[in-house]
Novice: 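Structure below; questions to follow.
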Amino acid sequence: MTRPYVFITRKLKEELFAPLMEIADVKMWESESEAVPREMLLREAQKATALLTMLSDKVNEELLESAPNLKVVANLAVGYDNIDVKAASDRGVTVCNTPDVLTETTADLTFALMLATARRITESQEFVKEGRWQSWSPYLLAGADVHHKTIGIVGMGKIGQAVARRAKGFGMEILYHNRNRHMETEQELGAAYRSFEQLLEQSDFVVCLTPLTDATRHLFNDHAFKSMKESAFFINVGRGQVVDEEALIAALQQNEIAGAGLDVFYEEPIGVDHPLLHFPQVVAIPHIGSASVETRTMMIKLCQDNIVAVLQGNKAKTIVS
């Protein structure tokens, strides 16, 4: 009997895939940091029974049409906007993601990014490293307090709830906007539901954790940034395409907001000449929301477990469709 064929679109630690290698032939793209070329992904998909993909890999109609043997796509992320889920489902292809295991790690990063932006941490580090620290003064690199301020969370999923718990520890007032109200979060943390417009107007920190959908694309546009307080900070650990970057750049140029902390961008990776990197009040990091060794390892193992389950005729643990 022919063994199933699995293609993994990044170079990962082979020792993590021992159970999968027992039942399938496994091939990995040779680079850990560079996305697999589209031509190679399409070629590998033609013979693959399973794919382990990254957010940078588009699993669309074109790919699915050329993959007659494909049974499962395991995406190494919570989000799956890189996958045409309906087209996959129509062909009987199971799509899996990695929820839950990265919730607390991503919440840690979100809060760290908020603190770094408000307290000018990266700016202060460069100040010291560049030899510009010559004396002490009362307002030297003075930032904004986080404690007892108002945080507005857009997207109160599991990560949003975890961020809210951290905000509670800082004595913050917690506002949120979501498709559906979360009564348990309101009762447990005292979070208050607001319309999107109300949240923008009332928050000192606007934290975007919403997934990318047709409804959320460019949710943060010119009007949204103009609705925020001039003293407010925008933090995005959701998806880059939720933001109209030209509008964000204009808001920063015109001092309509105080600053931004960004883990995601419209197109990734960004170059050193990206306009957002020219603002000292912007903290930019390379999409590392879930990037702890422990969490990324658990995500990889969950992807493997999902693939093994499907190949053995069982139900995957975390099915999108």
Side-chain angles (χ1 to χ4, degrees), residues 54-55 75-83 96-118 146 149-170 172-194 196 199 203-213 215-217 219-220 233-243 260-265 268 283-300 302-303 317-320:
M54 313 293 139
L55 280 171
N75 211 40
L76 192 70
V78 172
Y80 44 88
D81 45 270
N82 58 311
I83 300 173
C96 308
N97 63 343
T98 58
D100 303 331
V101 295
L102 51 68
T103 296
E104 298 297 333
T105 300
T106 306
D108 280 351
L109 186 281
T110 303
F111 217 84
L113 184 56
M114 186 169 70
L115 286 166
T117 305
V146 174
K149 293 290 184 69
T150 299
I151 183 172
I153 300 172
V154 181
M156 188 58 90
K158 292 183 179 179
I159 297 171
Q161 294 168 44
V163 171
R165 289 194 295 271
R166 286 155 177 77
K168 185 72 172 179
F170 276 67
M172 301 184 81
E173 180 181 1
I174 303 166
L175 309 180
Y176 78 96
H177 179 74
N178 200 65
R179 286 179 301 177
N180 305 303
R181 290 185 65 166
H182 285 267
M183 304 310 295
E184 290 183 8
T185 304
E186 293 183 23
Q187 294 168 5
E188 176 191 352
L189 301 173
Y193 179 83
R194 294 288 189 272
F196 183 59
L199 181 144
S203 299
D204 299 303
F205 296 91
V206 175
V207 179
C208 175
L209 290 165
T210 187
L212 177 64
T213 66
T216 63
R217 189 179 299 274
L219 178 65
F220 288 93
F233 295 87
F234 175 66
I235 310 297
N236 190 10
V237 189
R239 285 288 180 269
Q241 292 88 350
V242 173
V243 179
L262 308 171
D263 184 45
V264 291
F265 299 86
E268 299 176 1
V283 177
I285 55 178
H287 204 147
I288 58 170
S290 61
S292 73
V293 172
E294 299 92 336
T295 294
R296 287 287 168 87
T297 300
M298 286 191 291
M299 292 168 66
I300 292 167
L302 179 54
C303 284
K317 292 181 178 181
T318 53
I319 299 177
V320 173

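What's counted below: heavy atoms across the whole structure, side chains too, no hydrogens, waters or symmetry copies. Just so you know, these numbers come straight off a predicted model, no measurement behind them.
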Novice: What is the distance from atom CD of Q241 to atom CG of L212, rounded to the nearest 0.5 Å?
Specialist: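 Output value for this atom pair is 5.5 Å.
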Novice: Taking all non-hydrogen atoms of both residues, which atom of I153 and which atom of G160 are closest, and how far apart?
Specialist: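 Scanning both residues, the minimum pair turns out to be CD1-O, 3.6 Å.
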Novice: Please report the shortest heavy-atom distance between M54 and N75, naming the atom on each side.
Specialist: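 Where M54 meets N75 most closely, the heavy atoms are O-OD1, 3.6 Å.
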Novice: With sequence neighbours excluded, tell me which residues meet side chain to side chain contact (heavy atoms under 4.5 Å, CB included) with T318.
Specialist: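 In terms of side chain to side chain contact (heavy atoms under 4.5 Å, CB included), with neighbours along the sequence ignored, T318 is linked to C96, N97, P99, L302, N306.
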Novice: Give the ring-plane orientation class for F170 versus F111, where under 30° counts as parallel, over 60° as perpendicular and anything between as tilted.
Specialist: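 Ring orientation of F170 relative to F111: tilted.
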Novice: I would like to know whether R239 and L55 meet side chain to side chain contact (heavy atoms under 4.5 Å, CB included); could you show each step before the answer?
Specialist: CA-CA 11 Å; R239 285 288 180 269; L55 280 171; 3.3 Å; yes
Novice: Given side chain to side chain contact (heavy atoms under 4.5 Å, CB included), test L262 with F234 step by step and report yes or no.
Specialist: CA-CA 8 Å; L262 308 171; F234 175 66; 4.1 Å; yes
Novice: Is there a donor-acceptor pair closer than 3.5 Å between any side-chain N or O of H177 and the backbone N or O of R194?
Specialist: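 Yes, H177 side chain to R194 backbone: donor-acceptor pair under 3.5 Å.
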Novice: Would F233 and M114 count as a side chain to side chain contact (heavy atoms under 4.5 Å, CB included) if you check the C-alpha gap in whole Å, the side-chain angles of each, and the deciding distance to 0.1 Å?
Specialist: CA-CA 8 Å; F233 295 87; M114 186 169 70; over 6 Å; no
Novice: So do the side chains of V78 and T106 get within less than 4.5 Å of each other, counting heavy atoms only?
Specialist: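 SC-SC contact between V78 and T106 ruled out.
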Novice: Is the OH atom of Y80 crowded by more than 12 outside heavy atoms at less than 6.0 Å?
Specialist: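 No - once you tally the heavy atoms of other residues, nucleotides and ligands closer than 6.0 Å, there are 12 at most.
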Novice: Is it true that a side-chain atom of T216 and a backbone atom of T213 form a donor plus acceptor pair closer than 3.5 Å?
Specialist: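 Yes, T216 side chain to T213 backbone: donor-acceptor pair under 3.5 Å.
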Novice: About how many Å separate OG of S292 and CE of M298, when rounded to the nearest 0.5 Å?
Specialist: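 Nearest 0.5 Å value for the CE-OG distance: 6.5 Å.
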Novice: Checking T103 side chain against I159 main chain: does a donor-acceptor pair fall under 3.5 Å?
Specialist: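 Here the side-chain-to-backbone pair does not exist.
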Novice: Is any side-chain heavy atom of E188 closer than 4.5 Å to a side-chain heavy atom of R165?
Specialist: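 Yes, at least one pair of side-chain atoms sits under 4.5 Å.
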Novice: Is the shortest side-chain heavy-atom distance between D108 and E104 below 4.5 Å?
Specialist: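 No, every pair of side-chain atoms sits at 4.5 Å or beyond.
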Novice: Distance from I151 atom CD1 to E173 atom CD, nearest 0.5 Å?
Specialist: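 Here the interatomic distance stands at 11.0 Å.
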Novice: Looking at A107 and A162, what are the two nearest heavy atoms and their distance?
Specialist: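 Nearest pair, atom of A107 first, then A162: CB-CB, 3.5 Å.
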Novice: Working to the nearest 0.5 Å, report the span between CD of Q187 and CG of L189.
Specialist: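 The CD atom of Q187 sits 10.5 Å away from the CG atom of L189.
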Novice: Hey, could you give me the SG/CG distance between C208 and D263, rounded to the nearest 0.5 Å?
Specialist: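 Separation between the atoms: 11.5 Å.
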Novice: Distance-only, no hydrogens or angles: does the D204 side chain make a donor-acceptor pair with backbone N or O of V146 under 3.5 Å?
Specialist: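 Such a contact is absent between D204 side chain and V146 backbone.
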Novice: Can you measure from OG1 (T185) to CD (Q161) and round to the nearest 0.5 angstrom?
Specialist: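 It comes to 3.5 Å.
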Novice: Side chains of E186 and Y176: does their closest heavy-atom pair fall under 4.5 Å?
Specialist: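 Contact flag for E186/Y176 side chains = yes.
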Novice: Passes side chain to side chain contact (heavy atoms under 4.5 Å, CB included), I285 versus L109? Steps please.
Specialist: CA-CA 10 Å; I285 55 178; L109 186 281; 3.9 Å; yes
Novice: If only atom types and distance count, is the side chain of N178 paired as donor or acceptor with the main-chain N or O of M156 below 3.5 Å?
Specialist: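 Answer holds: yes.
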Novice: What are the two closest non-hydrogen atoms of S203 and L175, and how far apart are they?
Specialist: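 It is OG-CD1, 3.9 Å.
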Novice: For N236, run the side chain to side chain contact (heavy atoms under 4.5 Å, CB included) check against L113, V264, V207 and tell me which one passes.
Specialist: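 Passing option: V264.
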Novice: Can you name the nearest heavy-atom pair linking T105 to A291, along with the distance?
Specialist: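 In terms of heavy atoms, the two residues are closest at CG2-N, 4.4 Å.
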Novice: Using every non-hydrogen atom in the two residues, find where L102 and S290 come nearest and quote the distance to one decimal.
Specialist: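 Reported closest heavy-atom pair: CB-CB, 3.7 Å.
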